[in-house]
Amino acid sequence: MTLTHFEEKTSSEEVSSEEVSSGKKGFRWKRQGIRIGDIIRILVLAVMVIYFFANPELYRKVTETGIYYAKKRMLMVLVLAALAGGLPLIRDKIRWPERVKTVSTVLILELGPILAVMLAEYVHGRSALGMTVTVAVFNYLLVLAIFCLFYALTHRIRMSMWAASVVLVVFSLVNYFVIQFRNEPILAGDVMALGTAMNVAESYQIVWTANPYLALFSLPVLSGIYAFLPECGRPKKRGKKVIASLGSLSVFLVVFYIFAVSAIPYNAGYKVKMFDSDKSYQKYGQAFVFIRSIAYTLVEKPEGYAASEVDQIAASNPSDQAVKAGEVSEANPNLIVIMDEALADFEDLGSLEASEDCLEYIHSLKGQDNVIYGNMYVSVFGGHTANTEYELLTGNSTAFLPPSCVPYTMFTKSVQPAMGWNMMDLGYSGLTGFHSHKASGYNRNTTYPHFGFQNLIFREDMDPTLTKADKIRGLVSDQCDFETIVEDYEASRKSSHAPYFMFNVTMQNHGGYDEDDATLPRNIKLLGDQAEEEDAERYINLLDYTDEAFRYLTDYFSKVDEPTVIVMFGDHEPGLGSTFLEKVYGMSSGNMQGLDIFLKYQTPLIIWANYDINEDGQHDEEFAQISANYLGAQLMELTGQPKTGYQKYQLKMREEIPVLTANGYIGADRNFYELKDKTSPYYDLVVQYQKLVYNNQFDKKGIRKEFFYLDGHEEN
């Protein structure tokens, strides 16, 4: 052995020792050639295989004719686990020719994104092979862009490809469970409401099926496959690293801009239907639809917008005078507005076959002189509760905001015109914003003060005194919620005799109807072909509790000497399974066109008073069909209150467009129109209203406050 050869060998051994001690190239046992990553992968695979065989529902189907096993699926799990766990253990024993390294790298780059897209679609039982070539290329490019982003950060091909696959598959899994919860998939605007989603996640039960489980199982399998392939193409010198990072990042930014910001896909005919996003997901794939939905979160100034146009409208609709402190008339009614979680009346929507009427008391109120029973149309289905209250409290419609966005989490960052301020300017007491769940939900703890509410009540304030009897399925019951309204009203009477105002959001009927609970007996049964819909049966029994709680509330205020108006409506319909809803509606969502679309967005509206507010049904027509954005103005008209210029404008607008939501509108001619239908006889009026919404919500410097507040409003 020459001296030179001896020195080279010693140096090599020293490097191996450093690898063991420092971990710079991955901790490995020199003799066995096993790294910590390999051990972790093997353990994860073992746990997942054990979990798979410990849950027969993943590979076994029980029918009336017998028990059937998915033998191929069972064998596939074992084989993949063995290959993914075993192949990386022999990688260091193989000497890769340079040509093989190059070919392997190309294969990773080309096949990795394809595999990721296929797995993402497989989670939902769809085949990526059913995509058109163009759509498949779109999804491929997006996954490749994510890979480029990771490569710009790590300069490791294997790690970047695996990370990109993880991002897409995990997103698809999350989307799968979100659809279970609310019957609607994830869009970019939902990310801003992540905190709220975590607040209510405990109400749901995750149900694993074979597809999502096998997709999750694929992640450590992919890790094993990618680890087996040789790493190459990693730049050594600093200059080359910078060039590689900038090049990869440029690819990511270009692809991201094209799909997330530009109008190129839209102009090419690839239009995501945000109001029917599940269909878009099926048509265009996971990656494309979610990234494309980012474009819909960007607010653009309406074409031809000028704040001076608001001046012209304001001149024709001057705001009424605010009430000076101490001059409020005690003849003005107390006003309690309740947005009841997921309140729906399926007897009005279609056909509900049940052993009892789950809204017996509420239905008994129809036709009485002190009650108005109508239908309110909202912009959301199965979720995004805060959008309905935003429309009510501000008078703005989410029709002109990015689809799927939640204004509470994205746009309400400072004081703005809203119902709370108007009621304060009218001299009302209370001014309470009350939600019987967590304060952080949809940022209500910061949004309510921006809207003028002076007194806040949340679940955290109630917890010290809550008992088991106050909760149903772990959520505050409507009975407890309404008792809290009474307590707050009585407390306000100790300091003021001015009319009382509260806005309340309940929680009892929130989604998560897939599990039996001892606090929710199913006394009312669904009948006929609806009997098998257990989720829906749990839901209608929740409505029964709401019905009784509303009886309690109206009984209490019927004995109060002060005139009182209680308004209750639903924020949206419940996210029940499509099969039940199709049975109720008499049609599938996919077949809904024109006015039928509103079946999914209709909630009952009950206005009760302890005096005759609707003699001979004089107000029935006004509230037979109304959208949430108009309700605040219409309530001021109903109770004879001073109104802002904005509210006066809305009342005039209602004569031409009685209902306007993010899903379209109904004209005075009783026809349905899409928002961007330029052939509509009401199109110019819709655009004008859009400009007012923009001035109210986004034009912080040019906002015409005198139009949106009562005359005499003082800034706090």
Side-chain angles (χ1 to χ4, degrees), residues 313 316-317 319-320 335 337-339 372-380 386-401 407 416-423 451 503 565 567-572 595 597-598 601-607 613-614 618-673 675 680 682 685-697 707-710:
I313 298 172
S316 303
N317 300 277
S319 293
D320 292 332
L335 182 59
V337 180
I338 302 169
M339 189 172 76
I372 303 170
Y373 192 96
N375 295 300
M376 194 173 80
Y377 296 94
V378 298
S379 296
V380 292
N387 285 18
T388 301
E389 59 187 281
Y390 168 83
E391 292 187 325
L392 164 70
L393 294 174
T394 65
N396 298 334
S397 175
T398 58
F400 312 116
L401 302 182
Q416 69 179 76
M419 195 173 186
W421 297 117
N422 294 339
M423 301 309 288
F451 283 1
F503 174 69
V565 174
V567 182
M568 187 169 75
F569 57 90
D571 55 345
H572 54 69
L595 293 174
I597 290 175
F598 284 116
Y601 302 97
Q602 177 180 317
T603 74
L605 171 65
I606 306 102
I607 303 175
I613 199 173
N614 190 33
Q618 59 182 316
H619 296 298
D620 284 346
E621 186 174 350
E622 296 168 28
F623 294 93
Q625 290 184 319
I626 187 172
S627 47
N629 59 309
Y630 293 135
L631 184 58
Q634 202 68 60
L635 288 176
M636 294 300 97
E637 177 76 2
L638 177 69
T639 55
Q641 308 275 18
K643 292 176 283 293
T644 67
Y646 192 30
Q647 290 172 334
K648 291 180 178 179
Y649 172 88
Q650 288 180 309
L651 292 175
K652 293 177 182 178
M653 180 178 171
R654 272 209 75 201
E655 296 176 3
E656 298 296 321
I657 304 176
V659 171
L660 189 148
T661 76
N663 309 295
Y665 60 92
I666 301 174
D669 58 6
R670 313 310 301 163
N671 291 322
F672 169 83
Y673 296 94
L675 291 165
S680 164
Y682 311 101
L685 182 58
V686 171
V687 172
Q688 186 180 68
Y689 179 43
Q690 179 184 9
K691 293 175 181 178
L692 296 182
V693 171
Y694 184 86
N695 184 264
N696 183 316
Q697 181 66 67
F707 179 66
F708 298 106
Y709 290 104
L710 288 171

Flag side-chain contact, heavy atom, 4.5 Å: [X] against [Y]:
| X | Y | answer |
| --- | --- | --- |
| Met636 | Leu335 | yes |
| Ile626 | Arg654 | yes |
| Gln641 | Asp320 | no |
| Thr603 | Asp571 | no |
| Val693 | Tyr689 | yes |
| Phe569 | Val337 | yes |

Report yes or no: does [X] contribute a side-chain atom to a donor-acceptor pair with the main-chain N or O of [Y] at less than 3.5 Å?
| X | Y | value |
| --- | --- | --- |
| Tyr601 | Ala662 | no |
| Gln647 | Thr644 | yes |
| Gln650 | Asn629 | yes |

To the nearest 0.5 Å, tell me how far Ile666 CD1 sits from Tyr673 OH.
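Ile666 atom CD1 to Tyr673 atom OH measures 11.0 Å (nearest 0.5 Å).
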*Just jot down the salt bridge (Lys or Arg N to Asp or Glu O under 4.0 Å) partners of Glu389, sequence neighbours excluded, or say none.*
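Partners of Glu389 by the salt bridge (Lys or Arg N to Asp or Glu O under 4.0 Å) criterion, ordered by chain and then number, come out as Arg444.
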Here's a test for you: under side-chain contact (heavy atoms from CB on, under 4.5 Å), which of Ile607, Ile606, Asn375 qualifies with Phe623?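 The residue from Ile607, Ile606, Asn375 that satisfies side-chain contact (heavy atoms from CB on, under 4.5 Å) with Phe623 turns out to be Ile607.
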Exercise for the section: Pick out which of Thr388, Thr661, Thr398 makes a side-chain contact (heavy atoms from CB on, under 4.5 Å) with Val380. Expected result: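 Answer after filtering Thr388, Thr661, Thr398: Thr388.
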Before giving the answer on side-chain contact (heavy atoms from CB on, under 4.5 Å), spell out for Ile657 and Tyr630 the whole-Å C-alpha distance, their side-chain angles and the decisive distance to 0.1 Å.
CA-CA 10 Å; Ile657 304 176; Tyr630 293 135; 4.0 Å; yes
For the residue pair [X] and [Y], what are the closest heavy atoms and their distance?
| X | Y | value |
| --- | --- | --- |
| Glu656 | Tyr682 | O-CE2, 3.4 Å |
| Tyr373 | Pro604 | OH-CB, 3.5 Å |
| Phe672 | Gly664 | CE1-CA, 3.8 Å |

Check your understanding: Is it the case that Tyr646 and Asn422 place a side-chain donor and acceptor less than 3.5 Å from each other?
Key ->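 The criterion, which ignores hydrogens and geometry beyond distance, is not satisfied for Asn422 and Tyr646.
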* Asked: Going through the checks in order, is the side-chain contact (heavy atoms from CB on, under 4.5 Å) test met by Trp421 and Tyr709?
  -> CA-CA 8 Å; Trp421 297 117; Tyr709 290 104; 3.9 Å; yes
Item checked: Aromatic ring pairing Phe598/Tyr377, orientation class (parallel under 30°, perpendicular over 60°, tilted between) ->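 Phe598 vs Tyr377 ring planes: perpendicular.
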Parallel, tilted or perpendicular: which describes the rings of Phe707 and Tyr649, with under 30° parallel and over 60° perpendicular?
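Because their plane-to-plane angle is over 60°, the rings of Phe707 and Tyr649 count as perpendicular.
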Checklist line | Verdict with supporting geometry, Asn396 and Leu401, side-chain contact (heavy atoms from CB on, under 4.5 Å) | finding: CA-CA 10 Å; Asn396 298 334; Leu401 302 182; over 6 Å; no
- Might you work through the side-chain contact (heavy atoms from CB on, under 4.5 Å) test for Asn387 and Ser379, ending with a clear yes or no? CA-CA 8 Å; Asn387 285 18; Ser379 296; 5.8 Å; no
